[in-house]
Visitor: 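Handing you a structure now.
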Amino acid sequence: MTQLTVARIEASQFDDLDPREYILIKGARVNNLKNIDVAIPRNKLVVITGLSGSGKSSLAFDTLFAEGQRMYVESLSSYARQFLGRMEKPEVEYIKGISPAIAIEQKVNTRNPRSTVGTSTEIYDYLKLLFARIGHTYSPVSGELVRKDSVTDVVNYLLSHEEGTRVMVLAPLHIREGRTQNEELTILLSKGYTRIVMNEEVLSIEDILENPDDYSQAGNQVFILIDRAAVKADDEDTQYRLSDSVQTAFFEGEGVCITQVVNGERRVFSDKFELDGITFEEPSVNLFSFNNPFGACKRCEGFGKILGIDPDLVIPDKSLSVYEGAIAPWRTEKMSEWLVPLVRNGIKFDYPIHRPYKDLTTAEKELLWTGNQYFQGINDFIAELESQTHKIQYRVMLSRFRGRTVCPDCRGSRLRKDASFVKIGGASITDLVLKPIKDVAVFFENLEIGEHDRQIARRVLTEITTRLDYMNRVGLGYLTLNRLTSTLSGGEFQRIKLATSLGSALVGSMYILDEPSIGLHPRDTQRLVGVLESLRDLGNTLIVVEHEEEVMHAADQIIDIGPEAGTGGGHVVFQGTQADIAALKASGSEYNTDPETRSHTIDFLLGNDSIPVPSVRRKALHFLEIKGARENNLKELDVKIPLNVLTVVTGVSGSGKSTLIRKLLYPALMRMKGEFSEEVGRFDELTGSVDRIEAVEMIDQNPIGKSSRSNPVTYIKAYDYIRQMMADLPLSKARSYKPSHFSFNVDGGRCEICQGEGQVKIEMQFMADIYLTCEGCNGKRFKQEIQEVKYHDKDVAEILDMTVDEAIEFFRASEPKLVDRLLPLQEVGLGYVGLGQSSNTLSGGEAQRVKLASFLGKGSSSKGKMLFIFDEPTTGLHFHDIKKLLKAINALVDQGDTVIIIEHNMEVIKSADWIIDLGPEGGDDGGLLTFAGTPEEMIKIENNYTAEFLKGKI
C-alpha cells in the first residue's frame with residue numbers, strides 16, 4: 001500500500017486491508033485533522049512527521065493513543081471504571097487493529113523528591129535484591145568478613161574429624177543478674193543437665209553443689225556440657241544427635257556454641273552476626289531501601305542532603321594553597337592559630353602546604369578535614385565552634401559556612417551507613433549508585449563471584465546487565481543511578497522510560513513516542529535508533545513523532561502530515577518507505593507540484609529545499625571570559641564567549657553545556673546586573689566586556705505564564721491593543737466600557753461563573769476532576785453584553801478564537817499597529833496558534849518561540865544591548881520551521897544583540913558564527929573544551945563527534 005502523495009486513501013482500497021497487518025484509522029477529525037484515513041503497518045518503525053502544528057500529535061496521541069487508552073478502560077470492570085472516569089471517544093469513524101498502547105512523552109511527570117534514575121528504571125530494585133541475597137558484610141574496623149555460624153556449619157566441622165574421635169559440645173554458662181553461680185547450677189540440674197566443664201575438667205553438678213567449698217569459683221570460666229559423642233560420619237543418628245545438641249548449645253549459650261575435641265583444640269561458634277565487638281544487620285531488601293524507615297539514612301532521613309558545613313564555602317578559592325589561605329575560616333588573626341600546627345609540622349608527614357588546593361590528591365584533601373597527630377583538622381575546628389554557640393560571634397561564623405550539603409553519613413545515597421558494609425566484588429551498593437551508569441555496566445561485566453553465589457544471582461544479574469546496557473544505548477551512560485528524576489530534562493526522562501520498556505521486554509504492544517531524539521547529539525541519535533529497532537524486533541509497533549533526519553532514515557515507513565500548520569494542515573501529504581523516497585531521488589523529477597499537497601519533509605530529504613550556509617560569518621570584537629569553571633563535571637574550564645554574534649554551544653549529551661551556560665554564565669551575569677538569580681555554580685571569575693551587556697534573557701521551554709488564562713496574545717502585549725480597540729467602539733463608549741471590561745483576568749466584563757476560564761472544574765471525590773464547558777458563557781469567557789460589542793462583525797471572543805495567520809489577514813487593512821505586534825509570531829512559525837490559546841496547551845518549543853517573538857516585536861531593546869540564551873530552540877521543529885527560527889534569531893543579532901544557543905541540531909550549528917564544543921564524552925569523561933572557532937575551522941579537526949557530523953552539512 002505505497003502511496004507517494006496521498007490526499008485521501010480510497011474507501012474501497014482501505015476497507016480491503018487486514019487489521020492483523022495494519023492499524024486502520026478511518027475518518028480522523030481530531031483538532032485540525034481533515035477527515036483522514038491512515039493505514040499504519042503493524043510491527044514496524046513508523047515515523048509521523050510534518051511542520052509544527054500540522055496535526056502529528058493529533059493523529060498519534062489525541063487519536064491513536066486516546067483510543068487505545070479508552071479501549072483499555074472500557075475493558076475493565078464497572079467497579080474499576082468508576083474511579084477512572086469516562087474517556088471520550090476521539091472524533092474518528094473507526095480504528096481497527098489497535099494494540100495495547102504505551103505513550104512515552106517528553107514530560108517529566110514525577111516531582112517525587114525520592115524518585116531516582118535507579119528506581120525509575122527498576123535497576124535499583126534488582127540491586128537491592130542482589131545485595132540482599134549474595135552480599136557479604138565486612139567489618140569497617142578490621143576489614144574482615146562478618147559471618148554467623150549455623151548448626152550445619154558446626155556439625156560439618158565436628159564430622160570432619162577422624163572416625164571415632166571423641167568430641168564435646170559445650171555452651172558458656174551465663175549467670176543471670178541477681179543469681180549466684182550455685183543457684184544457676186541448681187536450675188541447670190532441674191533442666192536435666194548433669195555435668196559442666198571447669199578448668200578443662202568435667203565435673204558433676206551434684207558434686208559441686210554438695211561440696212561448694214572444694215571448688216574455687218574465682219576466675220574460672222564454666223561451660224555447660226551439652227553432649228559427648230564419637231565421630232561417625234556416615235551414621236544418620238549421630239548427625240541428628242549432634243545437630244540437636246548444637247542447637248541446644250546455641251540456645252543455652254545465648255548464641256555461642258563451643259566444640260572441643262577430647263585432648264585437642266577448642267573452637268568457638270556464634271550464631272550472632274557480629275565481629276570486632278559490633279553487631280551488624282544481616283543483609284535484607286529493606287536494609288537497602290531508602291524509602292523504608294529501616295533502610296533510610298538516620299541523619300538525612302533518606303533525602304541525601306542535610307543543612308551542614310558546605311565545603312565550597314569553607315574553601316571557596318581552590319586555586320589557593322593552604323599556606324596562601326585556602327581555608328577561609330582560618331584567615332583571621334585569631335583563627336589562624338588552627339593553621340599554625342599544619343604549616344609548622346607539614347614537613348613531618350610530607351604535606352604540600354604550597355600546592356594549590358585543586359591539585360591536591362583526594363587523600364590530601366581528606367586529611368585537611370580529619371587532621372592527624374600533628375594538627376587538628378577542619379572537622380575538629382567546626383566541632384569547637386559548635387561547642388561555643390552560646391557566643392554570638394561563633395554562631396555568626398558558623399552561619400557563614402552552612403549550606404545544603406551532601407550527607408556525610410550516606411554520601412548522598414540516602415541509605416543507612418551500615419548498608420555500605422555489605423559488598424559484592426569489593427563494591428557496596430552505595431559505591432555503585434554514585435558511579436556513572438557506564439562504569440556500573442563495566443563493573444558487572446568484570447564481576448567475579450563464586451559458583452554458589454552465581455547460581456543464586458544468575459537471573460538478577462541478567463536483569464541488571466540488560467537494563468544497564470539499554471541505558472547506555474539510549475545515551476544516558478553519564479547519569480548516576482542516584483540522580484533525582486525531577487532534575488532530568490524531558491528528553492532524558494523519555495529515554496529512561498524507553499530503556500525501561502525495553503527492559504520489561506513486552507511484545508505485541510503499540511509504543512507512541514514524542515520526539516525521543518530531543519537533547520541528543522547526532523552520535524547518540526544513532527544509538528537511539530538501534531534501541532528503537534530492538535523494541536520493534538521484539539514484536540512491537542513503534543509510532544514515533546519525530547523531525548530528526550537520522551530517525552527518518554531508519555523508519556520502515558514515513559507518514560507526513562501537512563502541507564502547512566494549523567488550518568492549513570491535517571492532510572496526509574506523503575506516506576511511503578525509504579525505497580519510495582530513493583526512487584523519487586533517482587528519477588530527479590519534481591514529485592509533486594501541487595502546493596496544497598506538497599510535502600516539506602520530502603523537499604528537504606530530496607534536497608529540493610535546504611537551510612543555506614551563511615555566506616559571511618560575523619566577527620566578534622568583544623568577549624566574555626569564564627575562568628576556572630568546575631561545576632558538576634566541568635574541569636577547570638577557561639572559555640571565551642564572543643559578543644554581538646550567534647554562538648552555538650554543543651557537545652554530546654552530558655558533556656557540560658547546560659552547566660556552563662545555565663548554571664554559570666546566566667546566574668553570574670544576572671547577579672552582576674543586580675538582578676535576582678538562582679545559585680551560581682563554581683568558577684573563579686567572569687571577566688571581559690561585561691559592561692557591554694545591558695540585560696540577559698533566558699529563553700527556555702518553561703510555560704509562558706503561570707495562569708491557564710495566559711496566552712500568546714497577552715504575552716506579546718498585543719491584547720492590550722485589542723482591548724483598547726474594542727473599548728473605542730461606539731457601543732462600548734455608549735455603555736461606558738473601559739479596556740478592562742474586555743479582560744478575562746479582572747472583574748467587569750468576564751464571565752463570573754467561570755472567572756474568565758471558559759471551563760468550570762467539578763471536583764470529584766474518588767475520580768479525576770472533570771472540566772465542563774461553562775454554561776454561563778458557553779466557553780466564550782465573557783458576559784453576553786460584552787459579546788454584543790463587535791468589530792467588523794466579530795466580538796472579542798471570536799477575535800481570540802482566530803489563529804495568528806487569520807488575525808493578520810483580518811486586521812491588515814484597518815489595524816496596522818496590531819498587525820505589527822502579531823507579525824513576530826508568524827515570523828517564528830506560530831501562525832497556526834490561536835490568539836487566545838491557553839498557555840498550558842503550548843508545547844515547550846512553542847512557548848520558547850512565543851518568548852522569542854515578544855523580543856522581536858520590541859525591536860532594538862530599550863535596555864540596550866542584550867544577551868539572549870536559548871536552550872535547544874529546535875525542540876519540536878521541522879526543517880521548514882528551523883529555517884524560520886534562524887531568520888528570527890539572526891534578526892536579533894543584526895540589531896546588535898548577542899545570542900547563545902545550546903543545541904545539537906546540525907542545521908543550527910552550521911549557521912553559527914562561533915562554535916564552542918564541550919566533551920569529548922558525557923559525564924566524568926566530559927567537561928573539557930574540545931573546540932572553539934568557526935564551523936569552517938571545526939570541520940578540519942579530527943576525533944571530534946560534532947565535527948564528524950558537521951562535515952556532511954558544510
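Quick caveat: nothing in here was measured; it's all calculated off a predicted structure. When a residue number appears, it is its place in the shown sequence, counting from 1.
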Visitor: Taking the side chain from Gln837 and the backbone from Gly834, do they hold a donor-acceptor pair closer than 3.5 Å?
Guide: yes

Visitor: Among residues at least two apart in sequence or on other chains, which ones pass salt bridge (Lys or Arg N to Asp or Glu O under 4.0 Å) with Glu936?
Guide: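 For Glu936, the residues satisfying salt bridge (Lys or Arg N to Asp or Glu O under 4.0 Å) (neighbours in sequence not counted) are Arg617.
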
Visitor: Verify whether one side chain among Thr541 and Arg536 offers a donor that lies under 3.5 Å from an acceptor in the other.
Guide: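 No, because no side-chain N or O of Thr541 sits under 3.5 Å from a partner of the opposite role on Arg536.
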
Visitor: In terms of the angle between their ring planes, are His521 and Tyr945 parallel, tilted or perpendicular, with boundaries placed at 30° and 60°?
Guide: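 Taking Tyr945 first and then His521, their aromatic rings stand perpendicular (interplane angle over 60°).
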
Visitor: Can you name the side chain to side chain donor-acceptor pair (under 3.5 Å) partners of Ser610, sequence neighbours left out?
Guide: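 Side chain to side chain donor-acceptor pair (under 3.5 Å) list for Ser610, sorted by chain: empty.
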
Visitor: Might you work through the side chain to side chain donor-acceptor pair (under 3.5 Å) test for Thr500 and Thr121, ending with a clear yes or no?
Guide: CA-CA 5 Å; Thr500 306; Thr121 56; 5.4 Å; no

Visitor: Give a yes or no on this: more than 12 heavy atoms of other residues, nucleotides or ligands lie within 6.0 Å of atom CZ of Arg692.
Guide: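 No, because the 6.0 Å sphere around CZ of Arg692 holds 12 heavy atoms or fewer from other groups.
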
Visitor: Using side chain to side chain donor-acceptor pair (under 3.5 Å) as the criterion, list what pairs up with Asn632, not counting sequence neighbours.
Guide: Thr659

Visitor: State which residues pass side chain to side chain donor-acceptor pair (under 3.5 Å) with Thr714; sequence neighbours excluded, sorted by chain then number.
Guide: Asn711

Visitor: Looking only at non-hydrogen atoms, find the nearest pair between Glu548 and Thr525 and report the distance.
Guide: CG-CG2, 3.8 Å

Visitor: Does Glu948 form a side-chain contact (heavy atoms from CB on, under 4.5 Å) with Ile939? I'd like the steps, not just the answer.
Guide: CA-CA 7 Å; Glu948 183 184 328; Ile939 59 174; over 6 Å; no

Visitor: For the backbone of Ala60 and the side chain of Thr63, can you confirm whether one donor and one acceptor N or O come within less than 3.5 Å of each other?
Guide: no

Visitor: Is there a donor-acceptor pair closer than 3.5 Å between any side-chain N or O of Ser854 and the backbone N or O of Ile716?
Guide: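 Checked: no pair found.
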
Visitor: Counting distance only, does the side-chain N/O of Asp897 pair as donor-acceptor with the main-chain N or O of Leu867 below 3.5 Å?
Guide: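 Between the backbone of Leu867 and the side chain of Asp897 there is no qualifying donor-acceptor contact (under 3.5 Å).
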
Visitor: Pairs in or reaching into residues 834-849: which pass salt bridge (charged side-chain N to carboxylate O under 4.0 Å, His left out), with residues at least two apart or in two chains?
Guide: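 Passing the test, one end in residues 834-849: no pairs.
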
Visitor: Is it true that a side-chain atom of Thr803 and a backbone atom of Glu806 form a donor plus acceptor pair closer than 3.5 Å?
Guide: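 It does hold such a pair.
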
Visitor: Taking all heavy atoms of Leu660 and all of Ala629, pick out the closest pair and write down the distance.
Guide: CD1-CB, 4.5 Å

Visitor: The criterion is side chain to side chain contact (heavy atoms under 4.5 Å, CB included); which residues satisfy it with Ala499, sequence neighbours excluded?
Guide: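 With neighbours one apart ignored, the set is Tyr470, Met471, Val474.
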
Visitor: Within this structure, what is the CZ-NE2 distance for the pair Arg523 and His904, rounded to the nearest 0.5 Å?
Guide: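 Reported value, rounded in 0.5 Å steps: 10.0 Å.
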
Visitor: Please report the closest heavy-atom contact between Pro935 and Ile954, naming both atoms and the distance.
Guide: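 So the minimum-distance heavy-atom pair works out to CB-CD1, 3.4 Å.
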
Visitor: Would a distance-only check, ignoring hydrogens and angles, find a side-chain to backbone donor-acceptor pair under 3.5 Å from Thr577 to Gln557?
Guide: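 Judged by distance alone, no pair lies under 3.5 Å.
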
Visitor: In chain order, what residues pass the salt bridge (Lys or Arg N to Asp or Glu O under 4.0 Å) check against Lys887, with sequence neighbours excluded?
Guide: none

Visitor: At what distance, to the nearest 0.5 angstrom, does CD1 of Ile48 lie from OG of Ser57?
Guide: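 Interatomic distance, Ile48 CD1 to Ser57 OG, rounded to 0.5 Å: 9.0 Å.
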
Visitor: Asn608 versus Ile602: any side-chain heavy-atom pair under 4.5 Å?
Guide: no

Visitor: Rounded at 0.5 Å granularity, tell me how far CG in Asn31 sits from CG in Asp62.
Guide: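 So the gap between those two atoms works out to 5.0 Å.
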
Visitor: Run the side chain to side chain contact (heavy atoms under 4.5 Å, CB included) test against Ala101 and tell me which residues pass, sequence neighbours left out.
Guide: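 Result, side chain to side chain contact (heavy atoms under 4.5 Å, CB included) vs Ala101: Phe65, Met510.
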
Visitor: Using salt bridge (Lys or Arg N to Asp or Glu O under 4.0 Å) as the criterion, list what pairs up with Asp924, not counting sequence neighbours.
Guide: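 Residues passing salt bridge (Lys or Arg N to Asp or Glu O under 4.0 Å) with Asp924: none at all.
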
Visitor: Determine whether His553 and Gln578 satisfy the following criterion, side-chain contact (heavy atoms from CB on, under 4.5 Å), listing intermediate values before the conclusion.
Guide: CA-CA 7 Å; His553 287 315; Gln578 297 299 320; 3.8 Å; yes

Visitor: As an exercise, state the distance from CG of Leu532 to CG of Leu542, rounded to the nearest 0.5 Å.
Guide: 5.5 Å

Visitor: Going from CE on Met698 to CG on Asp871, what distance comes out if it is rounded to the nearest 0.5 angstrom?
Guide: 7.0 Å

Visitor: Which residues satisfy the salt bridge (Lys or Arg N to Asp or Glu O under 4.0 Å) test with Lys438, sequence neighbours excluded?
Guide: Asp925

Visitor: Would you say Ile561 and Val573 make side-chain contact, with heavy atoms under 4.5 Å?
Guide: no

Visitor: Please lay out, stage by stage, how Asp514 and Phe61 fare under the test side-chain contact (heavy atoms from CB on, under 4.5 Å).
Guide: CA-CA 9 Å; Asp514 189 8; Phe61 290 94; 3.5 Å; yes

Visitor: Can you confirm whether the side chains of Ser517 and Glu546 place a donor and an acceptor under 3.5 Å from each other?
Guide: yes

Visitor: Take Thr875 and Glu515, measure what side chain to side chain donor-acceptor pair (under 3.5 Å) needs, and give me the verdict at the end.
Guide: CA-CA 8 Å; Thr875 297; Glu515 296 193 67; over 6 Å; no

Visitor: Counting only N and O atoms by type, is there a donor-acceptor contact under 3.5 Å from the side chain of Asn32 to the main-chain atoms of Thr567?
Guide: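 Such a contact is absent between Asn32 side chain and Thr567 backbone.
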
Visitor: Using the test side chain to side chain donor-acceptor pair (under 3.5 Å), find all partners of Tyr511 that sit at least two apart in sequence or belong to another chain.
Guide: none

Visitor: Could you check Asp609 against Lys883 for side-chain contact (heavy atoms from CB on, under 4.5 Å), going step by step and ending with a plain yes or no?
Guide: CA-CA 10 Å; Asp609 195 0; Lys883 201 171 181 179; 2.9 Å; yes

Visitor: Just by distance, do the side chain of Glu625 and the backbone of Lys640 share a donor-acceptor pair under 3.5 Å?
Guide: no

Visitor: What are the two closest non-hydrogen atoms of Leu822 and Ala807, and how far apart are they?
Guide: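 Minimum heavy-atom separation between Leu822 and Ala807: CD1-CB, 3.8 Å.
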
Visitor: Counting only pairs under 3.5 Å, give me each side-chain donor-acceptor contact of residues 908-917, with atom names and distances, residues two or more places apart or in other chains.
Guide:
| residue | atom | partner | partner atom | Å |
| --- | --- | --- | --- | --- |
| Lys910 | NZ | Ile611 | O | 2.6 |
| Lys910 | NZ | Glu907 | OE1 | 2.9 |
| Ser911 | OG | Glu907 | O | 2.8 |
| Asp913 | OD1 | Arg618 | N | 3.0 |
| Asp913 | OD2 | Arg618 | NH1 | 2.7 |
| Asp913 | OD2 | Leu646 | N | 2.9 |
| Asp917 | OD1 | Gly651 | N | 3.4 |
| Asp917 | OD1 | Thr946 | OG1 | 2.7 |
| Asp917 | OD2 | Thr930 | OG1 | 2.7 |
| Asp917 | OD2 | Asn944 | ND2 | 3.0 |

Visitor: Just say parallel, tilted or perpendicular for the rings of His600 and His880, cut-offs at 30° and 60°.
Guide: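 Because their plane-to-plane angle is under 30°, the rings of His600 and His880 count as parallel.
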
Visitor: Check whether any side-chain N or O of Ser120 sits under 3.5 Å from a backbone N or O of Val117 as a donor-acceptor pair, and report yes or no.
Guide: no

Visitor: At their closest point, which heavy atom of Pro563 faces which heavy atom of Gly568, and how far apart are they?
Guide: CD-O, 3.3 Å

Visitor: How long is the span from the CD atom in Glu872 to the CG atom in Asp700, to the nearest 0.5 Å?
Guide: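 It comes to 11.5 Å.
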
Visitor: Determine the minimum heavy-atom distance between Ile901 and Pro873, stating which atoms define it.
Guide: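 Closest approach of Ile901 to Pro873: CG2-CD, 3.5 Å.
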
Visitor: Between Asp881 (side chain) and Ser52 (backbone), is there a donor-acceptor pair under 3.5 Å?
Guide: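 Yes, the answer is positive, given that a donor and an acceptor are paired below the 3.5 Å cut-off.
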
Visitor: More than 12 heavy atoms of other residues, nucleotides or ligands under 6.0 Å from NZ of Lys951: yes or no?
Guide: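 Yes, the 6.0 Å shell around NZ holds more than 12 heavy atoms from other groups.
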
